[in-house]
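A short write-up of the structure that comes next.
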There are 2 protein chains.
Amino acid sequence: MSLRYALLGLLAEEPASGYDLAGKFERNLRRYAWHAQRSQIYPELNRLAADGLVSVVEEGARGRRAYAITDVGRIELRRWVLDPNDEPVVRNEHTLKLFLLATLDVEDARKVLRQQAEGSLHEHERLRAAIDQADASGRAPVEFFAAELGARYFLTLHEWATWALSRLDET
Amino acid sequence: MSLRYALLGLLAEEPASGYDLAGKFERNLRRYAWHAQRSQIYPELNRLAADGLVSVVEEGARGRRAYAITDVGRIELRRWVLDPNDEPVVRNEHTLKLFLLATLDVEDARKVLRQQAEGSLHEHERLRAAIDQADASGRAPVEFFAAELGARYFLTLHEWATWALSRLDET
DNA sequence: ATTTACATGTAAGACGTTACATGATTCT
DNA sequence: AGAATCATGTAACGTCTTACATGTAAAT
């Protein structure tokens with residue numbers, strides 16, 4: 001059911017079409033939080049509309065339909081975000097591969113860990129620069145909390161990969 | 001197909017039964033890398049055996065069957081782990097909720113962040129203690145790497161939530 | 001005129017969850 | 001003797017992916 005709330009969350013910021021939302025998933029969510037294809041988004045939007053959580057607010061060119069979150073949708077979104085939810089399920093193929101590196105021989109693992117250490121440091125610096133630029137322009141801080149978490153996450157990944165490399169060197 | 005490789009990776013460490021593997025998922029993978037239920041693990045083990053990637057190495061009490069990875073399985077596991085695979089898909093309900101914090105009002109956001117700061121510190125300490133214990137008894141690298149990244153990840157979450165709370169207090 | 005981007009969907013099959021089903025062994 | 005844990009599975013249902021299907025508007 002997370003897809004439903006991801007859509008509500010994106011629509012809570014501004015009205016958007018299914019096509020727009022697919023772009024938002026791609027740009028803002030898929031690397032850290034959630035992924036969805038268009039073929040999943042369109043039917044779910046129709047279900048959300050049928051349930052009264054969103055409504056069509058604009059019909060544009062090429063059959064475009066822009067949706068907005070309703071008051072009922074906002075209440076339901078808030079309920080879900082505030083719900084403590086222990087034991088959330090995580091599926092991260094990238095992290096899984098990092099764990100399984102330890103099952104390969106040392107030279108294979110070293111090579112990939114070096115790439116990982118480098119790549120995550122680069123991602124960290126990219127996000128940090130974007131945050132600093134946004135900070136300077138004096139925007140509302142809460143909008144950048146997610147970016148800050150991303151930056152810290154990639155730094156942690158970098159440090160972990162470096163640590164894992166040193167562990168492999170010990171043996 | 002990730003489940004298949006998660007199983008191969010765990011079996012690359014040591015032979016195990018489906019029941020054992022469910023425990024390994026629960027303890028080592030589910031919070032940051034991958035999750036699987038027993039009802040998914042047993043059929044997949046049978047498929048892996050049929051494909052010659054694992055084999056039954058022991059039949060014990062209560063119908064227990066321990067599997068070991070085969071040479072073919074090891075080759076296939078290595079191929080998958082080394083495969084670059086850009087754009088891996090992430091689904092993390094917890095992170096999604098953190099991203100959607102921006103849609104709540106400040107008091108609600110504070111509430112979530114306090115829960116987050118407390119919960120992630122607790123998880124960090126739990127994992128760090130488990131690592132210290134494992135360090136003393138010399139456990140398998142896969143479990144060790146997983147726990148270390150988990151511990152670092154939860155500490156990062158804790159620090160981020162604390163930072164975000166202090167940011168909210170500033171205004 | 002042609003290409004690119006916009007725009008919405010359906011269908012088949014793969015993957016994952018929840019509930020159900022069964023029984024053996026160990027611990028207290 | 002009873003409870004907890006070990007141990008393996010199936011069935012129904014829900015979610016997600018991949019391939020297919022269709023057409024419009026803007027840019028070059």
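Naming convention: chains lettered A, B, ... in sequence-line order (proteins, then strands); numbering from 1 in each chain. Please read these numbers as outputs of a predicted model, since none were measured by experiment.
Neither OP1 nor OP2 of D:dT15 sits under 4.0 Å from any side-chain N or O of A:Q40. Of the side-chain N and O atoms in B:Q37, none sit less than 4.0 angstrom from OP1 or OP2 of C:dG16. Distances shorter than 4.0 Å separate none of the side-chain N or O atoms of A:R4 from OP1 or OP2 on D:dT15.
Rounded to an integer number of Å, the gap from A:E44 CD to C:dT10 P is 13 Å. Rounded to whole angstrom, the span from the CD1 atom of A:I41 across to the P atom of D:dT15 amounts to 15 Å. B:Y42 has its OH atom 17 Å from the P atom of D:dA11, to the nearest Å. Rounding to whole angstrom units, CD of residue A:E93 and P of C:dG16 are separated by 10 Å. Between A:R64 atom CZ and C:dA7 atom P the separation is 5 Å, expressed in whole Å. Taking atom CG of A:D20 as the reference point, atom C1' of C:dC6 lies 10 Å away to the nearest angstrom. Across the protein-nucleic acid pair, B:L45 atom CG and C:dG16 atom P stand 14 Å apart, rounded to whole Å. In this structure, B:R91 places its CZ atom 8 Å from C1' of D:dT15, rounding to the nearest Å.
Between B:E44 and B:R47 a salt bridge is recorded (basic side-chain N to carboxylate O distance below 4.0 Å). Look at A:E14 and A:K24 and you find a salt bridge, because one of the NZ, NE, NH1 or NH2 atoms lies within 4.0 Å of a carboxylate O, short of that distance. Between B:E148 and B:R152, at least one side-chain nitrogen of the basic residue sits less than 4.0 Å from a carboxylate oxygen of the acidic one, meeting the salt-bridge criterion. Ion pairing between a basic and an acidic side chain is recognised when a charged N comes within 4.0 Å of a carboxylate O; B:D51 and B:R4 show such pairing.
Which of D:dA7, C:dA5, C:dA11 sits closest to the side chain of B:Y19 comes down to D:dA7. With D:dA7, D:dT17, C:dG9 as the choices, the nucleotide that has an atom nearest any side-chain atom of A:N46 turns out to be C:dG9.
At a cut-off of 3.5 angstrom, counting only N and O atoms as typed in the model, there is no donor on one side facing an acceptor on the other between the side-chain of B:S17 and the base of D:dT8.
Nearest-nucleotide positions on DNA chain D for A:G63 and A:R47 put A:R47 closer to the 5' end. Nearer the 5' end of DNA chain C, as judged by each residue's closest nucleotide, is the contact made by A:R62, out of A:Y67 and A:R62.
Side-chain atoms of A:T95 do not come within 3.5 Å of backbone N or O of B:A33 as any donor-acceptor pair.
Counting non-hydrogen atoms under 4.0 angstrom, A:R38 reaches a base of the nucleic acid.
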